[in-house]
Structure formats: C-alpha cells, structure tokens
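The sequence lines fix the lettering, A, B, ..., with proteins before strands; numbering per chain opens at 1. The basis for the numbers below is simple: all heavy atoms, side chains too, and nothing from hydrogens, waters or symmetry mates.
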Amino acid sequence: MPDSDRTLLTVEGLRVGFRVPGGRIEAVRGVDFTLAAGECLAIVGESGSGKSVTARALVGLAGTGASVGADRLELDGLDLRGIGDRQWREVRGGRIGLVLQDALSSLDPLRTIGAEIGETLQNHGGGTRAERRARAVDLLRQVHLPDPEIRVGWHSHELSGGQRQRALIAASMAADPPVLIADEPTTALDVTVQAQILDLLAAKKDAGTALLLISHDLAVVARLADRIAVMHGGRFVEQGEARDILVDPAHPYTRTLLTAVPTTRPRGTRLSLTPIAGPPPGPDGCTYAASCPLAADSCRTGPIVPVLREPGHAVLCPRTDEPWPAPPPPLANRAAPAETTGEDDEPATVIEVTGVTKSYGGPPAVLEASLRLRAGRTLGVVGESGSGKSTLALLVLGLLEPDAGTIEVLGRPWSARPERERRALRGRIQLVPQDPLAAFDPRYRVGRIIAEALGVPGAWAARRDRRIAGLLERVGLDPSLAGRHPRQLSGGQRQRVAIARALASEPEVLVCDEAVSALDVSVQAQILDLFVDLQRELGLALLFISHDLGVVHHISDDVVVMRSAEIVERGPVERVFQSPEHPYTKALLTALPSPEDVLDDPGPVARPT
Amino acid sequence: MTLVETAAKATAAPSRAAFRPPPAATLVAGLALALIGVAFLWPGLIAPHSPDVADPVNALLPPGGGHLFGTDQLGRDTFSRVIYGTRPSLTIGIGATALAALAGSLLGVLALAGGRVLDEAIMRVTDVFLAFPGLLLALLVVAVLGPGTTNATLALAASATPGFVRLARAQALVVRRSDYVRAAVILGRPRAAIVLRHILPNALPPLLVLALVNVGTAIIAGSSLSFLGLGPQAPTPEWGAMLSDGRDFLSTAWHLAVFPGLAVTVTVFAINIVGRSLQVRFEGRTPGAGL
C-alpha cells in the first residue's frame with residue numbers, strides 16, 4: 001500500500017446553505033473528516049441528509065444559490081476555499097474524480113466513451129490523439145469492460161447499465177486523481193453488476209486511491225468502507241471504524257437504520273420501531289429528536305456535544321446509554337389461512353399461472369412461467385432488470401394477454417377474457433405500485449383517490465368518508481390527510497395511500513411490483529412491517545416482486561427466481577436462500593452485499609436474540 | 001426531518017418569490033382586452049351613435065369633431081360601427097375556436113378510446129382536412145352552406161378542428177399510458193368512466209393553450225371571410241366587411257378602411273400577448289395540475 005497514511009483531504013466545519021424563497025436551508029451544518037490515501041470513508045444517510053451536497057461541495061459543485069463555508073478545506077496542501085473556476089477545473093478530474101449515480105445522464109449521448117475519457121486526459125496532461133486513445137483503451141481494460149479496443153468507439157446507449165457505470169468510472173479516474181468521490185455509484189444497478197463495481201472500487205482503493213463513498217445503503221458500504229460517517233440533518237451523528245459502527249452502533253439513528261436492513265434480520269421480526277412523533281427540535285437541537293426513542297427535552301433545545309465512545313468512534317448523542325425500548329412483539333405467528341379446500345389442508349389457490357409465455361414481438365419476455373399463490377401466503381418473485389418479472393406482474397393483473405398458457409384468479413379463468421367479464425373480479429386483485437405518485441390522478445386529493453376505489457362515486461357521502469378515514473387509519477395515516485394532495489406527502493405516506501386504495505375493494509390478492517424499492521431504508525422497514533400486519537389481519541395473499549433479495553427473503557413464504565424470461569428456481573424461501581440449486585441463484589446470493597460482510601462472527605446486530 | 005420538508009416544499013410549489021410581475025406589454029394588452037370585452041358585451045356604453053342610422057348630409061366626413069373616426073358613405077359614424085362591429089367580428093373567431101376545440105377534443109379522445117376502426121376513420125378524415133389550407137377549406141364550406149355569420153363560424157370551426165383532433169389524440173395517448181389510468185383499470189372502473197374522469201380532463205390543458213393561440217388566427221380568418229362577402233351580411237357592422245366597403249374610398253376617405261383594420265390588429269395582438277403570458281405560466285406544470 002503506497003503511502004497509505006498520507007492525509008489527502010482535510011475538512012473541518014464544512015457548512016453548506018441554500019437560499020430558498022422565504023429563507024435559507026442549512027443542508028450541511030458543520031462536518032469534519034479527513035481522508036487518507038488508500039482509505040475509504042463512507043458517508044451514509046437517507047435522502048435529504050446532506051450527504052450528496054457534502055460530496056459536491058468538495059469539488060466546488062454545490063449548486064447555484066449555495067454558499068459553502070469551512071474552517072478548513074484542504075486537498076493535499078491546497079486550500080480549496082475561495083479558489084477560482086480555473087483552479088477548480090484543474091482539481092476536478094485531475095486531483096479529485098467524481099463518479100455519479102446516473103451513468104446514462106452523466107455521459108454525453110452524442111460522443112463515444114473514448115472521446116469522453118479522452119477529454120479528461122486532454123484537460124489534464126494531454127498527449128497525442130493516439131496516446132489518449134491507447135490510454136482510454138487501457139483504462140477501460142482496467143475497469144474490466146469486455147473488448148475495450150472495440151467498445152472505446154461505442155456510444156453510451158450501446159452499453160448496458162453496468163458497462164456504462166464502468167465507463168464512467170474509467171473517465172473519472174483517467175487523469176489518475178488521488179481522491180475519488182463516488183456518489184451512490186451502484187444504486188441503479190443489478191446486484192451482480194453492483195458486486196463488480198464494488199470490486200473495482202476496492203481495487204482502486206488497494207492501489208492507493210482515497211475513496212469517499214456516498215450511499216444510502218449500509219450493506220454496500222460494509223463491503224468497502226474502512227470508516228463510516230452516519231449523516232442526519234446535515235450533521236455527522238456518528239463516525240468511526242466501519243466495524244465499530246456496524247457491530248456496536250451507538251446513535252439511536254444508526255441503530256434504527258441497521259435494524260431496518262431486512263438482510264440482517266431473521267424473518268418474522270419487526271424492522272421498524274413504533275413510530276414516534278415528538279415535537280420538532282429547535283435550531284441547535286438534535287435533528288433526530290422528533291423520532292428518537294431516547295429523546296429528552298435537552299435533545300430538542302441543544303446544543304449537543306459529541307461523545308467519544310472509544311478511540312476514533314464519536315457519537316453526537318449524550319443519551320446512548322439509556323435503555324433501548326423493547327422491540328414490538330415479533331410476528332412469528334402468521335394468520336391461519338382464511339380458506340381451506342376440502343381435500344388437503346393447503347390454503348385455497350388464489351392465483352394459478354400455467355405455462356404462460358408472452359413476447360413483445362422479439363424474444364419472449366416471459367417464457368413458460370407457472371406459479372401458484374395460495375390464500376394468505378406470500379410468493380416472492382426475484383430477478384434482475386429485464387428478467388421479465390414486471391411483465392409477469394402485468395399478466396397476473398390482467399393488463400396484458402399471454403401469448404400462450406392460462407391464468408386463473410380465485411379459481412376462475414382470467415386470461416383471454418373480455419375486460420367486461422374480468423371487471424367483476426378486478427376488485428379482488430389489486431396492485432401496489434413502485435411509484436405511487438404516478439399512479440394517482442394528478443388532479444385528485446387523497447380522499448378522492450380512495451373514494452374512486454370504493455366505487456359508486458357520491459354514494460352516501462358520510463358513510464363513504466367514514467370508510468376513507470377507516471382505510472387511512474388502517475395503513476397508519478391520520479384521516480385528516482384525506483384533504484391533502486399526494487404531492488404534499490412524503491414517499492412513505494404516499495405508499496401508504498396507495499396501499500389504502502388497494503385495500504378499498506377488500507381484495508384477496510395484492511400484487512406488489514417493486515413496492516418498496518424507491519423508499520429510504522427506514523421507511524421501507526415501516527412499509528414492510530405494514531404489509532406483514534395487513535396480511536395477518538386480513539388474510540391477504542401477496543405476490544411480491546422485487547429485485548432486492550433481502551426484502552424478498554424477509555417477506556416471502558415461497559420464492560421464484562427469474563432470469564431472462566424464465567423461472568430458474570422455485571421453492572420455500574429458506575430452502576432457496578440456504579441451499580440454492582441453480583447456479584444463477586447461487587451467483588445472486590454471493591453478490592448480495594450485507595453488513596455481515598465485515599463481521600467474522602455474528603454480532604449482536606446480525607443475530608439478535 | 002424539517003430540512004427535508006422545507007426542501008420538499010421549496011421544490012413542490014411554485015413560490016411567490018419566483019413569480020415575476022407581468023411585463024408592461026401584458027398589462028397594456030390586458031387593459032385593451034378589457035375594453036374590447038366591454039365593446040363586445042355593451043357596445044352602447046362606448047359608442048356615441050347608433051351604428052345603423054344613415055345621415056347622408058354628413059357622409060364621408062374626415063375624423064375629428066363629432067365623429068372620432070369620421071363617417072362613411074352613408075354618413076354612419078365609423079367609430080360607433082367599429083365598436084358595434086366587435087361582437088359580430090369576434091363571435092366568428094371565438095365561436096369557431098370554441099366549436100373546434102370542443103369537437104376536436106371529443107373526436108381526438110374518441111379516436112383513441114373507440115377502437116381501431118373508429119381511430120383509423122377519424123384520423124384519416126383529419127389527415128384529408130389537414131391537407132387543405134385552412135382558409136381554402138373554410139371557403140369550400142361556405143361555398144356549400146352559403147354565406148352568413150353562422151355558416152362562416154361553422155366553416156372556420158371545420159378548418160380548425162383537425163389540429164385539435166391531432167393534439168387531443170396525442171395528449172390522450174400520453175395520459176392513457178400513465179400509471180393512474182392503469183390504476184383505474186385495475187380498480188375495475190368502466191371504460192367510459194376512465195375516459196371521462198381521467199383521460200379527458202388530464203389531456204385538456206395543452207388544448208386550452210392551443211385554443212387561446214387559435215382565437216387570434218380565427219378572428220383574422222373570420223374577417224377575411226367577411227372581406228370576401230361571405231360573413232355577416234350588410235348592414236351588420238363587421239370589421240372585415242367594413243374594410244371591404246372602405247376599399248372603394250381609399251383615395252378619398254382613408255379612415256373607412258384603416259380603423260376597422262386597426263381594430264382587428266389591436267385585438268389579435270392583445271389576445272396573442274395575453275395568451276402567450278398565460279402559456280408561459282402554464283408551462284412546466286404536470287398535465288392537469290393547473291386545473
């Protein structure tokens with residue numbers, strides 16, 4: 001490890017504020033850290049925590065209307081405060097490389113990836129055209145892009161998502177910057193591709209690059225980070241060695257975050273605490289006080305002084321030794337199945353898919369798929385993008401007609417029927433979509449969205465309003481939200497409204513198509529818990545489609561694995577995850593990152609008693 | 001989480017600070033439109049004389065004195081005729097646009113919702129109509145129906161409808177593919193309810209903008225038809241018809257042609273400026289969010 005102890009980046013008291021109409025938002029409120037060569041610091045936080053703004057401020061791209069201030073902001077001896085545009089251009093790409101999340105929009109669609117890399121080279125050092133091209137090929141080989149001599153002349157749209165991200169990493173390290181900032185580098189990628197990108201970044205780190213990793217995903221971070229900083233409300237609430245943070249999290253927010261990751265938790269346990277809504281904290285108070293189980297009045301008024309828990313492990317919370325609330329009762333007992341058939345004690349079949357094939361004109365999107373969902377059970381469907389799982393959802397929902405094969409819902413024929421006949425059954429199989437906002441008529445408020453699902457608009461207003469209030473309460477929302485517009489709600493609240501609407505027609509089956517994929521991990525935990533509660537109370541059958549193996553493992557009874565239109569493996573979830581048979585399932589599970597990666601022995605977090 | 005909420009609010013709602021006061025042009029155009037509106041509804045409030053009373057003794061007086069815009073060959077007050085001409089002149093333009101927008105939206109949405117045969121039929125007929133220049137098509141319709149206010153309105157509506165059909169169908173296509181229409185299907189809503197409650201209202205806003213832009217064009221086209229003698233018949237004061245009459249006296253009484261012409265110009269200008277600033281305010285909104 002070449003000069004591994006050399007500190008490259010020193011940040012003290014970094015503050016970033018944005019002017020907004022009617023005031024100022026402090027996005028980053030005093031952040032300190034250092035980054036040495038060959039080291040990886042991960043900044044972890046949920047949306048709005050200020051993690052991306054921190055990263056951007058380091059390369060002078062905090063945005064229009066942003067004011068950046070710091071007590072110290074040094075890059076290997078160069079004071080970054082107040083340097084001009086010219087110097088920033090030398091720093092960016094030359095001394096700090098930036099890898100962004102969305103490779104498709106970060107690459108110029110009109111230029112080849114060779115030209116993209118060549119530009120960085122030209123701005124930092126140069127060389128002849130031929131030399132730059134040779135170097136670009138070399139860089140693409142380093143990031144393991146297949147056939148780099150050919151692909152150097154390709155455009156970004158000709159590459160797959162993972163290849164694009166690799167090309168982007170190659171471009172950002174073209175000038176060999178000693179510091180690399182990766183902002184959610186794997187968030188949009190499939191799990192197997194994600195593993196390749198993480199390996200690639202690990203190799204750069206081992207070669208002596210200082211890596212600043214920004215992520216919302218603790219599992220991704222666990223693989224790569226030496227140190228972790230947990231960010232909330234613009235501050236680092238906890239910072240320390242990766243192992244210390246993952247094994248012995250101290251700040252209440254870190255503890256909630258870790259509990260919320262479904263991969264680390266046995267099935268049947270709750271992922272979220274009972275939501276707390278305390279009074280909002282004052283300007284100097286702890287930003288987490290409003291939802292913290294340990295919060296006292298002093299937390300809201302502040303100021304909060306950091307506590308050194310052990311060498312190198314600081315926590316912005318004075319109450320870490322207070323007793324942690326007992327977790328809500330586990331969900332070990334599933335509901336007794338509502339209906340049983342006469343002959344066997346298996347619950348009745350609610351969805352029966354037999355040999356279904358569907359193609360959009362090219363190769364089939366779903367090929368010879370068969371599956372059976374029983375009342376009150378959860379069937380998980382996992383697969384990467386393009387595996388056909390969303391097409392399967394559309395077929396089951398009767399929004400697409402299969403080319404071959406049949407689908408039965410509640411024992412009655414469902415596919416190849418006129419819509420008029422299907423409509424009577426429609427209310428009994430409902431969808432929980434990935435993006436609820438898009439699934440609501442943009443003109444409607446929450447009450448009307450649910451009223452539409454109740455049918456017979458205008459029928460007996462008082463009773464209808466009671467039903468709406470009842471449904472909102474059932475999904476854990478305040479009935480007064482009925483008058484709000486979905487745009488005014490948070491992502492988790494919107495998803496709850498979507499679930500309330502799906503429940504309005506008293507369905508037997510919910511199809512959940514990536515229903516928690518767009519949510520922050522702590523919100524995702526609440527929604528997953530809600531699904532489990534609803535299933536137990538109402539005896540719902542869930543067809544749970546997700547790319548996230550941890551989520552599927554957590555919620556499913558049985559699972560099918562899809563790959564390139566085919567179901568390659570099926571079985572009870574424990575069997576499939578413990579002893580996968582198909583090579584693809586094995587590859588998926590190996591690629592799955594987990595906070596346990598850093599733990600040699602199962603710690604208290606990974607295996608709670 | 002206050003930070004998140006504030007940030008969300010800041011991005012969600014167009015803020016007061018981002019609202020710029022309308023430029024002076026919009027203000028002036030708005031005032032002009034208000035005056036035109038009064039002239040349209042109560043011409044008697046502005047006009048000093050009756051538009052129809054002939055006074056041959058005072059024929060062809062130049063502007064000034066008791067007659068602001070002078071008098072015509074029959075001694076009628078030109079100013080009053082211009083004011084009274086507002087209603088017949090604008091009725092054709094506005095009426096034709098309203099008719100075209102209504103028929104166009106319904107046909108466009110019907111084309112999409114009514115199945116493949118109906119779609120083909122409506123869109124191919126639309127293509128044929130679009131192949132003719134608008135005014136030529138209007139002339140053709142008037143030639144078949146005969147001249148007059150109603151027929152001129154119908155003629156112009158017929159020539160403007162295809163544009164609305166196209167836009168309505170394209171918008172409905174976008175809305176039909178939206179997740180919320182899919183959600184309504186999953187809820188088992190009947191097809192007619194989905195079309196009327198979701199697709200039609202959410203496809204409307206761009207159509208309203210097109211309608212606003214089209215009003216100016218339609219007013220000019222309406223006056224053109226009148227100029228050719230195919231619109232309202234004498235003695236109804238209509239700007240196009242007045243222009244046509246005044247043409248014969250251009251060398252002796254310029255005011256007969258100039259003032260009706262100015263009235264058309266000012267009206268169309270005002271409508272376009274106000275329409276444009278409304279369009280700017282509507283831009284960037286999600287379909288339907290503004291209504």
Side-chain angles (χ1 to χ4, degrees), chain A residues 18 20-27 29 46-50 232-234 280-281 283 287-288 290-291 394 397-399 419-420 422-431 433-444 449 452-455 457 485 487-490 498 501-502 504-505 511, chain B residues 1-20 113-116 171-172 174-208 282 284-291:
Chain A
F18 290 93
V20 292
R24 227 177 106 81
I25 291 178
E26 298 296 329
R29 327 202 252 177
E46 304 193 331
S47 40
S49 63
H232 188 271
T287 49
Y288 190 57
S291 34
L394 294 178
L397 285 164
L399 296 171
E419 181 63 26
R420 195 183 303 278
R422 255 196 304 244
R423 211 165 277 149
L425 271 180
R426 280 266 178 222
R428 303 174 70 182
I429 171 166
Q430 286 293 304
L431 168 74
Q434 173 171 12
D435 179 3
L437 196 57
F440 300 147
D441 190 308
R443 299 169 306 131
Y444 284 14
I449 289 167
E452 188 189 20
L454 289 169
H485 198 282
R487 279 192 310 256
Q488 301 166 322
L489 303 180
S490 71
R501 173 173 71 175
S505 55
V511 177
Chain B
M1 284 317 218
T2 52
L3 182 72
V4 183
E5 282 162 12
T6 332
K9 267 182 216 150
T11 47
S15 55
R16 284 206 157 268
F19 175 73
R20 280 171 298 147
R116 189 167 292 182
Q171 281 299 313
V174 172
V175 176
R176 190 178 69 169
R177 288 192 189 132
S178 71
D179 282 2
Y180 54 89
V181 166
R182 174 176 285 173
V185 173
I186 292 171
L187 288 171
R189 305 283 292 150
R191 194 160 158 149
I194 293 175
V195 171
L196 290 178
R197 287 179 178 274
H198 294 293
I199 297 183
L200 194 59
N202 282 301
L204 272 185
L207 287 164
L208 293 182
F282 271 101
R285 295 202 183 179
T286 50
L291 295 177

Chemist: Check whether any side-chain heavy atom of B:Val185 lies under 4.5 Å from a side-chain heavy atom of A:Arg426, and answer yes or no.
Modeler: yes

Chemist: Can you sort out the partners of A:Phe18 under ring-ring contact (aromatic ring centres under 6.0 Å, His included), two or more places apart, ordered by chain and number?
Modeler: none

Chemist: Counting heavy-atom pairs under 4.5 Å with chain B, which one of A:Arg422, A:Gln488, A:Arg501 comes out on top?
Modeler: A:Arg501

Chemist: Need one label for A:Leu397: side chain, backbone, both or neither, based on atoms under 4.5 Å from any heavy atom in chain B.
Modeler: side chain

Chemist: Are the side chain of A:Arg29 and the backbone N or O of A:Gly233 linked by a donor-acceptor pair below 3.5 Å?
Modeler: yes

Chemist: Select one option (side chain, backbone, both, neither) describing which atoms of A:Ile429 are under 4.5 Å from chain B's heavy atoms.
Modeler: backbone

Chemist: At their closest point, which heavy atom of B:Ile199 faces which heavy atom of B:Ala172, and how far apart are they?
Modeler: CG2-CB, 3.7 Å

